[in-house]
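Here is the structure we will look at, set down as structure tokens.
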Protein chains: 2
Amino acid sequence: MDKNLKKRETMHRLCATGLEVFHEKGYYNTSLDDILKELSLSKGAFYHHFKSKEDYFISIIQNLVVQKVYALLVEPLNTHENPLPVILDTLEQALEPGKQNEMVYGFMLNDFLTEFNKRNAEISSYLKDIIKVWEVNLVSVLKKGKVDGHIARHVDCEGVASYIIASYLGMRTLLSENNNRQLKYNYIQQMKLYFNAIVEKRVEA
Amino acid sequence: MDKNLKKRETMHRLCATGLEVFHEKGYYNTSLDDILKELSLSKGAFYHHFKSKEDYFISIIQNLVVQKVYALLVEPLNTHENPLPVILDTLEQALEPGKQNEMVYGFMLNDFLTEFNKRNAEISSYLKDIIKVWEVNLVSVLKKGKVDGHIARHVDCEGVASYIIASYLGMRTLLSENNNRQLKYNYIQQMKLYFNAIVEKRVEA
DNA sequence: AGACAAACCGACCCCCCGGTCGGTTTAAGT
DNA sequence: ACTTAAACCGACCGGGGGGTCGGTTTGTCT
């Protein structure tokens, strides 16, 4: 097989499995051997591709986590419809438990954020960046919604965006404790109530 | 000094400092020596009082964390007023950064929940119990609010309660990344908007 | 075919950390 | 004063995990 391809494939396998295991058991609670055993790879192979466990995890964040957050939570926002239902959809999608064995990558942000907070500043900052991107995109789509007459003019878009993020992260904590469809349904319902409080009312008057 | 008193004092010092350090650095990332050094105590002293690190942490939860959550988030709910502003107050209090060196115990639930989730079932269950107590009390006070005509009849109290908890936990993640008064203020404002959507409107009509 | 380097192997190092244990200090009871 | 046990000490053990390194295999280029 092509050497270059081989390298990329191995690195990709390492990252994909690493993300799964880190998310499952936590970064500090996962040893490299845990991951290596699962892939039948050796320490030597690992350190040939990555210079440290930390470097490895940063790769995972930048290659996989960023990508998944974009796909699940950012790109779907780019429509020209009323943003509120669209946001609701992305949240619902991102809280959906994985179909069969597929992982739910949107789920993991909260876990990693809390695990690295105050313990590894560098990794924390990469994670914060992801949240920031999400936030910025939420704000921009909310502001457009205001211009388009879907959202009331008095609404503080930054406030709404961080509130959405907070409720999502927190719901993720609750759901991972107790993966409960009822809980998720309730969350979406309450989110709808909240959104009702910020829509532009003049249309229906 | 009285032997019995000495024992209680040492155990209390261990628990108090342990809570601080565990919260600061995380349970798995804190060694017993970290705590012992801070108190100038020995391994022997520690294992005279606790049978393991896990047992120790459970003591901390049951003595200190439970107590603080009660004091901050549960007991203040027992008034006869409109529950919504009262809940808002407790949330605001619980998000308040510590005055001087005093710790903010309400802050730590989210961190511990995520750290132990799927990694230590026993400790997880103790933490979940605390959340459950909070939830039950929220539901009960919301239902009373319905009876007293402060909350609209169509409202799903369980849904509201878990939504409040989720948003609180998530906001805690965001705040610990970036302790920002503006963020906290925004959260309270959005919470008010949300509460407006569930109040009983007939009074003002 | 031979050379060369990338990919990989796995034994090993070393430190950290939870837990142990025999010994010492301290205080209460008689 | 003597005994007894609780409180405490700190050296030590053993396993785990991040990281190293000399060596082996595998693919590529000439």
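Excluded from the calculations below are hydrogen atoms, water molecules and symmetry mates; all remaining heavy atoms, backbone and side chain alike, are included. Remember, predicted model here, so these are calculated numbers, not experimental data. Order of the sequence lines fixes the chain letters, A, B, ..., with proteins taken first and strands second; residue numbering starts at 1 for each chain.
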Heavy-atom donor-acceptor pair, A:Lys6 side-chain to D:dG27 base, under 3.5 Å = no

Between atom CZ in A:Phe50 and atom P in D:dG17, what is the gap in whole Å?
-> 20 Å

Answer yes or no: is there a donor N or O on one side and an acceptor on the other, between the side chain of A:Asp148 and the main chain of A:Gly145, under 3.5 Å?
-> no

To the nearest 10 degrees, how far apart in direction are the end axes of the helix from C:dA1-D:dT30 to C:dT30-D:dA1, each fit to five base pairs?
-> 0°

What residues, two or more places apart in sequence or in another chain, satisfy side-chain contact (heavy atoms from CB on, under 4.5 Å) together with B:Tyr47?
-> B:Leu32, B:Lys43

Are the aromatic rings of A:Tyr163 and B:Tyr194 close, with centres under 6.0 Å apart?
-> no

Any pair counted as side-chain hydrogen bond (donor to acceptor under 3.5 Å, both in side chains), so long as it reaches residues 115-139 of chain B, sequence neighbours left out | A:Ser176-B:Asn117

Does OP1 or OP2 of C:dC8 have a side-chain N or O of A:Thr10 closer than 4.0 Å?
-> yes

Which residues pass the side-chain contact (heavy atoms from CB on, under 4.5 Å) test with A:Asn82, sequence neighbours left out?
-> A:Leu84, A:Pro85, A:His150

Check whether any side-chain nitrogen or oxygen of A:His49 sits under 4.0 Å from OP1 or OP2 of C:dA6, and answer yes or no.
-> no

Under 30°, 30 to 60°, or over 60°: which ring-plane class applies to B:Phe112 and B:His23, parallel, tilted or perpendicular?
-> perpendicular

Is the charged tip of B:Lys53 near the ring of B:Tyr27: under 6.0 Å from the six-membered ring centre and within 45° of its axis?
-> yes

Donor + acceptor pair across side chains of A:Asn186, A:Gln182 (<3.5 Å) = yes

In whole angstroms, how far is the P atom of C:dA11 from the OH atom of A:Tyr47?
-> 17 Å

In whole Å, what is the span from the NZ atom of B:Lys53 to the C1' atom of C:dC16?
-> 11 Å

Quickly work out the B:Glu9 CD to D:dC8 C1' distance and round it to whole Å.
-> 14 Å

Interatomic distance where CZ belongs to A:Phe46 and C1' belongs to D:dG17 [whole Å] = 12 Å

Report the distance from atom OH of B:Tyr56 to atom P of C:dG18, rounded to the nearest whole Å.
-> 11 Å

Contacts of B:Ala71 that satisfy side-chain contact (heavy atoms from CB on, under 4.5 Å) - sequence neighbours left out = none

Could you give the CG-to-C1' distance, from B:Leu5 to C:dT26, as a whole number of Å?
-> 15 Å

If you look at every strand shown and take non-hydrogen atoms under 4.0 Å, does B:Lys43 touch a base, only sugar-phosphate, or nothing?
-> base

Could you tell me the separation between the NE2 atom of A:His48 and the C1' atom of D:dT20, rounded to a whole number of Å?
-> 15 Å

Tell me, which of residues 25-42 of chain A have any heavy atom that sits under 4.0 Å from an atom in DNA chain C?
-> A:Ser40, A:Leu41, A:Ser42

